[in-house]
Protein chains: 2
Amino acid sequence: MLVDTGSCGRIPHACHHGRSENGCADCKVRLISVCSVLELDELEELEALSHHLTLDKGQALFGQDEPAGFVFNVIEGALRLTRLLPDGRRHVMGFALPGDFLGLALQERHSVSAEALGPVKTCRFARQDFAAVVETKPHLLRSLHERAGHELNLAQEQMLLLGRRTAEEKVATFLLSLRARYARAGHSSVTVELPMGRQDMADHLGLTIETVSRMLSRLDRAHAILLVPGGVRLLDLPRLEAMAAG
Amino acid sequence: MLVDTGSCGRIPHACHHGRSENGCADCKVRLISVCSVLELDELEELEALSHHLTLDKGQALFGQDEPAGFVFNVIEGALRLTRLLPDGRRHVMGFALPGDFLGLALQERHSVSAEALGPVKTCRFARQDFAAVVETKPHLLRSLHERAGHELNLAQEQMLLLGRRTAEEKVATFLLSLRARYARAGHSSVTVELPMGRQDMADHLGLTIETVSRMLSRLDRAHAILLVPGGVRLLDLPRLEAMAAG
DNA sequence: TGCCGCCCTTGCGCTGGATCAATGCACGGC
DNA sequence: GCCGTGCATTGATCCAGCGCAAGGGCGGCA
């Protein structure tokens with residue numbers, strides 16, 4: 001068994017005996033996570049500080065503005081990263097997928113909350129421990145920094161999208177970028193799984209749930225996509241790309 | 001004279017003799033720039049690689065997707081950071097003010113273009129040179145990374161703003177955040193200078209120039225602000241903050 | 001001093017997406 | 001099998017912000 005199942009803590013829980021049989025070396029996401037820049041001996045060092053942690057659908061990994069006691073590698077599943085406005089309006093900053101690192105900036109507090117969209121497996125480190133390791137390994141810091149730069153790029157794309165694109169363009173762009181992310185993680189297919197609900201997409205794209213639904217229906221009717229349970233099949237990539245390009 | 005004025009290159013230009021008389025040690029923005037984490041001897045090392053560079057209003061410091069040959073500290077003035085959509089729609093990602101570092105992520109290409117909103121003074125480094133120094137100074141990399149984390153936070157705020165706020169909230173939030181930035185740079189006042197035009201604000205907030213103008217007029221009529229040439233006086237901070245809070 | 005060009009402001013009608021409301025549909029519990 | 005609950009779709013109406021067009025103010029320049 002890969003992870004413990006509840007004998008040693010509250011939910012969400014983590015146990016010292018919760019690691020892969022062969023440890024980080026055969027970790028599913030090693031080659032696409034920050035760990036990819038580490039040598040085997042370094043990996044062992046980090047492994048000694050790590051615990052696996054699983055969440056069920058809907059559980060929160062951490063909350064916005066909460067002290068960041070831990071940082072995480074996502075191993076399996078997807079999470080929703082949200083920010084709240086004082087009055088309750090919500091924005092979904094993005095979705096974390098396997099290989100993503102949560103707590104990239106190593107800041108004292110989490111700037112978003114993270115909730116599981118389905119069953120999730122993560123690899124958890126105490127932030128202090130992780131930061132201490134980073135201090136001794138400049139190449140790990142470089143790797144984090146590169147990822148931060150990448151995140152910044154994505155954030156800029158998203159700002160452009162939110163500020164200057166129409167509802168249809170937003171939805172088309174979202175589907176394509178999700179496909180691209182799955183592809184980078186080795187899951188290449190024209191059928192894109194949508195682990196999040198319509199409301200999450202809406203809150204990610206600055207739209208309402210009704211508009212997202214209408215746009216998906218419209219794309220379906222136009223045979224650009226095919227709506228399937230739990231996801232979408234992208235039928236006419238060139239057309240979608242034309243929409244996304246604007 | 002602090003900088004050269006055109007005897008040694010095309011515009012924009014940089015000259016080896018363009019440094020402050022006493023070098024980085026008495027640099028106006030030293031304490032608020034990335035350089036604040038450096039010791040005096042390190043500062044000298046960096047200074048040897050630096051050149052001052054000035055721009056006039058409207059000149060571009062670099063363009064989107066251009067190879068990032070250089071990175072910059074902004075010393076004086078303000079720049080507009082923009083991204084273009086293939087069809088010409090524009091989004092202003094933000095504005096760079098004194099103390100800001102351009103090229104934070106040390107990536108191979110600039111993800112935005114940077115244009116001077118008025119006379120600008122910068123401190124320029126060849127990216128390779130700067131990256132080489134960073135390699136030898138982990139605390140400098142840490143400082144860059146912290147700034148990247150801060151940028152990421154700002155980007156998230158902006159996404160929330162673009163996706164979920166009304167025109168009035170956007171404008172109020174923008175004015176307050178600009179004030180806060182000036183304050184952090186030591187320029188605290190209820191009169192906020194607006195070095196950018198209405199179109200730039202509009203493209204930053206995901207609005208049209210007309211809507212920005214209308215909202216400013218409305219706030220003025222409501223005595224929440226007072227429009228003055230080249231800027232705005234914030235008359236009713238509590239009210240503005242209430243609007244910004246949503 | 002007067003003209004020109006640039007930006008900003010304002011009015012007005014239009015529209016994309018929001019809002020409100022009803023219905024459909026899958027899944028779990030009993 | 002039947003109902004309840006939560007999510008998705010669809011339709012009808014509304015309205016915030018857009019697009020267009022007409023002024024207005026101001027600085028530069030001859």
Side-chain angles (χ1 to χ4, degrees), chain A residues 56-58 80 85 87-92 115 117-119 161-175 193-222 225-232 243 246, chain B residues 56-58 80 85 87-92 115 117-119 161-175 193-222 225-232 243 246:
Chain A
D56 297 324
K57 176 169 175 159
R80 179 209 310 146
L85 233 40
D87 68 358
R89 277 175 289 178
R90 194 180 77 144
H91 187 79
V92 173
E115 292 128 30
L117 292 169
L161 177 128
L162 289 167
R164 285 285 171 251
R165 302 184 97 106
T166 65
E168 189 179 60
E169 290 171 349
K170 285 177 178 181
V171 171
T173 305
F174 174 68
L175 295 178
E193 200 199 336
L194 296 174
M196 72 295 290
R198 297 290 189 266
Q199 185 64 61
D200 294 331
M201 289 188 233
D203 286 344
H204 183 52
L205 300 173
L207 298 171
T208 58
I209 184 171
E210 293 96 332
T211 301
V212 169
S213 185
R214 274 189 258 271
M215 291 304 131
L216 286 172
S217 299
R218 189 205 286 187
L219 291 174
D220 184 299
R221 250 177 283 122
I225 66 172
L226 179 67
L227 287 169
V228 298
V232 158
M243 286 177 191
Chain B
D56 297 324
K57 176 169 174 158
R80 180 211 308 147
L85 232 39
D87 67 358
R89 278 175 290 178
R90 194 182 76 144
H91 187 80
V92 173
E115 291 128 30
L117 292 169
L161 177 124
L162 289 167
R164 286 283 171 251
R165 288 175 171 292
T166 65
E168 188 179 62
E169 290 171 347
K170 285 177 178 182
V171 171
T173 306
F174 175 68
L175 295 177
E193 199 198 336
L194 297 174
M196 71 294 292
R198 298 290 189 265
Q199 186 64 61
D200 294 331
M201 289 187 233
D203 286 344
H204 182 52
L205 300 173
L207 298 170
T208 59
I209 184 172
E210 295 96 330
T211 300
V212 169
S213 186
R214 277 189 260 268
M215 292 303 132
L216 286 172
S217 299
R218 188 204 287 186
L219 291 175
D220 183 298
R221 252 178 282 122
I225 66 172
L226 180 66
L227 286 170
V228 299
V232 156
M243 286 176 191

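Residue numbers begin at 1 in each chain, while the letters A, B, ... track the order of the sequences. A quick note: this is a predicted structure, and the numbers were derived from the prediction, not measured.
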Quiz item: Quick one: side chain to side chain donor-acceptor pair (under 3.5 Å) partners of Arg89(B), sequence neighbours excluded?
Solution: Glu169(A), Asp87(B)
Exercise. At the 4.0 Å heavy-atom cut-off to chain B, mark where contacts on DNA chain C begin and end, going 5' to 3'.
Key: dC8(C) to dC12(C)
Quiz prompt | side-chain contact (heavy atoms from CB on, under 4.5 Å) between Leu85(A) and Arg165(B), intermediate numbers included | solution = CA-CA 9 Å; Leu85(A) 233 40; Arg165(B) 288 175 171 292; 3.4 Å; yes
Quiz prompt | Pair listing, salt bridge (charged side-chain N to carboxylate O under 4.0 Å, His left out) test, anchored in residues 209-220 of chain B, at least two apart | solution = Glu168(B)-Arg218(B)
Practice problem: Give, for atom CG of Leu161(B) and atom OG1 of Thr173(B), the distance between the pair rounded to the nearest 0.5 Å. | Solution: 5.5 Å
Quiz item: How long is the span from the CG atom in Leu194(B) to the CG atom in Leu117(B), to the nearest 0.5 Å?
Solution: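 Separation between the atoms: 11.0 Å.
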Quiz item: Could you run down nucleotides 9-19 of chain D 5' to 3' and tag each one B, S or - for protein heavy-atom contact under 4.0 Å?
Solution: BBBB----SBB
Self-check item: Closest non-hydrogen atom pair, Leu175(B) against Val232(B)
Solution: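 Smallest interatomic distance, heavy atoms only, reads CD1-CG1, 4.3 Å.
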Quiz item: If you look at every heavy atom in Met215(A) and Val171(A), which pair is closest and at what distance?
Solution: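 Smallest interatomic distance, heavy atoms only, reads CB-CG2, 3.8 Å.
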Which pairs of donor and acceptor atoms, one on a side chain in residues 198-209 of chain A, lie under 3.5 Å apart (sequence neighbours left out)?
residue: Gln199(A); atom: NE2; partner: Asp203(A); partner atom: OD1; Å: 3.2
residue: Asp200(A); atom: OD1; partner: Arg80(A); partner atom: NE; Å: 3.1
residue: Asp200(A); atom: OD1; partner: Arg90(A); partner atom: NH2; Å: 2.8
residue: Asp200(A); atom: OD2; partner: Arg80(A); partner atom: NE; Å: 3.4
residue: Asp200(A); atom: OD2; partner: Gly197(A); partner atom: N; Å: 3.4
residue: Asp203(A); atom: OD1; partner: Arg164(B); partner atom: NH2; Å: 2.8
residue: Asp203(A); atom: OD2; partner: Arg90(A); partner atom: NE; Å: 2.7
residue: Asp203(A); atom: OD2; partner: Arg90(A); partner atom: NH2; Å: 2.8
residue: His204(A); atom: ND1; partner: Val92(A); partner atom: O; Å: 2.7
residue: His204(A); atom: NE2; partner: Gln158(A); partner atom: NE2; Å: 3.4
residue: Thr208(A); atom: OG1; partner: Thr211(A); partner atom: N; Å: 3.3
residue: Thr208(A); atom: OG1; partner: Thr211(A); partner atom: OG1; Å: 3.0

Quiz prompt | Worked check of side-chain contact (heavy atoms from CB on, under 4.5 Å) between Leu162(B) and His91(A) | solution = CA-CA 10 Å; Leu162(B) 289 167; His91(A) 187 79; over 6 Å; no
Exercise. Using atom CG of Asp203(A) as one end and atom C1' of dC7(D) as the other, report the distance to the nearest whole Å.
Key: 14 Å
Polar atoms only, N or O, under 3.5 Å: list the protein pairs with nucleotides 22-24 of chain D and their distances.
none

